Amino acid sequence: MSDKKKLDPINGEEPGNFIRDFIDEDLAAGRHPGVVTRFPPEPNGYLHIGHSKSICLNFGTAGDYKGVCNLRFDDTNPVKEDTEYVDSIQDDVRWLGFQWHGHTRYASDYFEKLYECAEALIRKGLAYVDDLSAEEVREYRGTLTEPGRESPWRNRSVEENLDLFRRMRAGEFPDGSKSLRAKIDMASPNINMRDPALYRIRRAHHHRTGDAWLIYPMYDYTHCISDAIEGISHSLCTLEFEDHRPLYDWVLEALDWPAPRPRQIEFARLNLEYTVMSKRKLLQLVKENHVDGWDDPRLPTIAALRRRGFTPESIRLFCDRIGVAKRDSWIEYYWLEKAVRDDLNPITPRAMAVLRPLKVVVENWPEGRVQEMAGPYFPDEPGRKLPGLAATERTLLFARELYIEQDDFLLDPPKKFYRLGPGREVLLRWGHYLHCHDVVRDAAGQVTELRCTYSEEPRGHGAGPGGQPAVIHWVPAKSSVAARVRLYDRLFTVPRPKGDLNKELNPGSLTECPEARLEPALAGLEPGRRVQFERLGYFIADAKLHSAGTPTFNRIVTLKDKRQ
RNA sequence: UGGGGCGUAGUCAAGCGGUUAAGACACAGGUUUUUGGAUCCUGCAUUCGAAGGUUCGAAUCCUUCCGCCCCAGCCA
């Protein structure tokens, strides 16, 4: 199933990546006794397919080196965060098949330690309380091409800074009136080093620490210390943090943090064609009810992919295949679908369903006669059972009235259309040969019914080479069961591969097939079961809507299809 | 036009001075098949963003140029 065997990177067998190069180098130099990574989401939204790359990378890398990976919530901005998100994120990581080391960590666990470190920095003269407003700080920061100016408050005494910082914590100052800044270099060409903020005053209720704190540490300050506290050896993050690495290192250096110190390594985030992956926009879609919650199967969230029927294995396979590097790359959407198909193909039973029924009357089949036609759920492995059902075979009652797929018939079929047309012949899978000799149309000219005859042997009227008949799926009219089938387009999309997500947000399409008919056994399928409807794709009995009364299936992914 | 990154096939991605420039996806042809799927086989970069240079030898080292991404939150 996997492209290649995962080989032991310690023995240098697997085609490497640059991250492993760094790790190998650190291990060889004895800088770290082993590998400890972490997945550090901010609990401000649901995880999406983009996060799965980071998850697979962090957990996967740790696993490859027989190390461990922590789960740490980067919860330093209480106004955006919520326990709903911490719960969903934990569920999603587990569902993906990963187990983090020990208990769940939170940056907020370290607030007290972080505060102590801040005082230490102040004592060393490396941090100061600034009275400038946010707007003033922006003005003082300079621009990309001009250096910044030093704040008039930059040279306060250690005593004054300590006193002020303590009073910030004690709540003596209003929000935004003061901040704690690192004293680095206002002329640095790296803007992140121009006295970055370390703490801000924010009277906000924190989902874990409640109202205990009025000041909250910033990401750059928190992340490196959190990594160091947890003994992280390699802190893998996305490319936009490259410019922050000097600051990451500066903080630990300023604190004289003892070795081994964590090393930050950056990789390119996942870009998937057509797919909306900004948390802000996903939040907007949910809040404005463009979709049916975070697990709407059109969304690229892990929760949605789960409901949509993707397997954890398929997502891991996808992440495995896309690799990891530092170039900005756009993954073709097809890769995701392919990974799902590759995973599902060997493990998913085949079954018969007709999404848009077209009635067929078999005129040479006697009224009232039925014949049991049997076919295995796993054609390559005929004895294999359909999970959730006792049988190893489907049984269809061939009768005078049948349904075939509307798409499998064309009044005036072109040469390359191998299926049914007037005067043409096809084979009904696990059934008989069918020859169409007449069509019935309604007043509008729409084909409503096919008049056909059957035969047990081919008559050489197929559209394939040499009169070979194509094989199509079908279902008996009477004994099949009505179902609701929902065909989702790609994930929530923009119309063009790299379209402007801001302007072209597209609600994603959902096509209902209210007339769908299934082979009878499928009515008894449990929610969450997957099945391949011949030629139509992989489907899942919807976790929320499926019931024996009204079976509801979502299409997970289509089959590869060259027909046109 | 400050700083930090990145350019190897349609898309990903190995490669780290000597290789016929891995592998995957896509694509094409063939095999097989009770669905045009799946399977198996074969093919698919004389060239590594461009131009110069160093070298017996360059995708790999040097120089210049070109293109793309990121940074001016008291967000992460």
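Note that the structure is a prediction, hence the values are computed from the model and not measured. Chain identifiers are assigned alphabetically (A, B, ...) following the order of the sequence lines, protein sequences preceding nucleic acid strands; residue numbering begins at 1 within each chain.
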Applying a 3.5 Å limit to both distances, which nucleotide forms a Watson-Crick or G-U wobble pair with [N]?
{"N": "B:A28", "result": "B:U42"}
{"N": "B:C6", "result": "B:G67"}
{"N": "B:U1", "result": "none"}

Per [X] side chain, nearest of listed nucleotides [options]:
{"X": "A:Asn17", "options": "B:U35, B:A76, B:A14", "result": "B:A14"}
{"X": "A:Thr145", "options": "B:A14, B:U1, B:C6", "result": "B:U1"}
{"X": "A:Leu427", "options": "B:C25, B:U34, B:C75", "result": "B:U34"}
{"X": "A:Ile472", "options": "B:A76, B:C74, B:U35", "result": "B:U35"}
{"X": "A:Arg200", "options": "B:C75, B:G4, B:U35", "result": "B:C75"}
{"X": "A:Lys560", "options": "B:A13, B:G73, B:G37", "result": "B:G37"}
{"X": "A:Met218", "options": "B:U35, B:C74, B:G3", "result": "B:C74"}

Does the side chain of [X] get closer than 4.0 angstrom to OP1 or OP2 of [N] through an N or O atom?
{"X": "A:Arg394", "N": "B:U34", "result": "no"}
{"X": "A:Arg321", "N": "B:U11", "result": "no"}
{"X": "A:Ser188", "N": "B:G3", "result": "no"}
{"X": "A:Arg280", "N": "B:A76", "result": "no"}
{"X": "A:Tyr219", "N": "B:C75", "result": "no"}
{"X": "A:Arg327", "N": "B:G7", "result": "yes"}

Does a salt bridge link [X] with [Y], judged by any charged N lying under 4.0 Å from a carboxylate O?
{"X": "A:Asp328", "Y": "A:Arg269", "answer": "no"}
{"X": "A:Arg429", "Y": "A:Glu534", "answer": "yes"}
{"X": "A:Arg263", "Y": "A:Asp249", "answer": "no"}

**OP:** Just call it for A:Asp408: base, sugar-phosphate, or nothing, with non-hydrogen atoms closer than 4.0 Å on any strand.
**Re:** nothing
Original post:
With a 6.0 Å cut-off on ring centres, are A:Phe318 and A:Phe310 close enough?
Top reply: no
Original post:
For the residue pair A:Phe398 and A:His432, is the inter-centroid distance of their aromatic rings smaller than 6.0 Å?
Top reply: yes
Subject >> Minimum heavy-atom distance between A:Tyr216 and A:Thr209, given as atom pair plus value >> reply: OH-OG1, 4.3 Å
Original post:
Going by a 90° cut-off around 0, is B:G73 syn or anti?
Top reply: syn
Original post:
Does A:Leu559 or A:Glu146 map to a spot on RNA chain B nearer the 5' end, using the closest nucleotide for each?
Top reply: A:Glu146
Original post:
Which comes earlier along RNA chain B counting from the 5' end, the contact point of A:Tyr418 or that of A:Asp21, where each point is its nearest nucleotide?
Top reply: A:Asp21
Identify all pairs in which a protein N or O lies below 3.5 Å from an N or O of nucleotides 67-70 of chain B, and state each distance.
unit_1: B:C69; atom_1: O4'; unit_2: A:Asp328; atom_2: OD2; d: 3.4
unit_1: B:C69; atom_1: O2'; unit_2: A:Asp328; atom_2: OD2; d: 3.4

Over how many whole Å does the gap from [X] atom [atom1] to [N] atom [atom2] extend?
{"X": "A:Leu144", "N": "B:U1", "atom1": "CG", "atom2": "C1'", "result": "11 Å"}
{"X": "A:His244", "N": "B:G3", "atom1": "NE2", "atom2": "P", "result": "18 Å"}
{"X": "A:Phe533", "N": "B:U35", "atom1": "CZ", "atom2": "P", "result": "17 Å"}
{"X": "A:Glu457", "N": "B:U34", "atom1": "CD", "atom2": "P", "result": "14 Å"}

**OP:** Could you tell me whether the side chain of A:Pro376 reaches within less than 4.5 Å of the side chain of A:Arg384, counting heavy atoms only?
**Re:** no
Original post:
Under 3.5 Å, side chain of A:Glu519 to main-chain N/O of A:Met352, donor-acceptor pair present?
Top reply: yes
**OP:** Please confirm whether the backbone N or O of A:Arg203 pairs with a side-chain atom of A:Asp175, one donor and one acceptor, at under 3.5 Å?
**Re:** yes
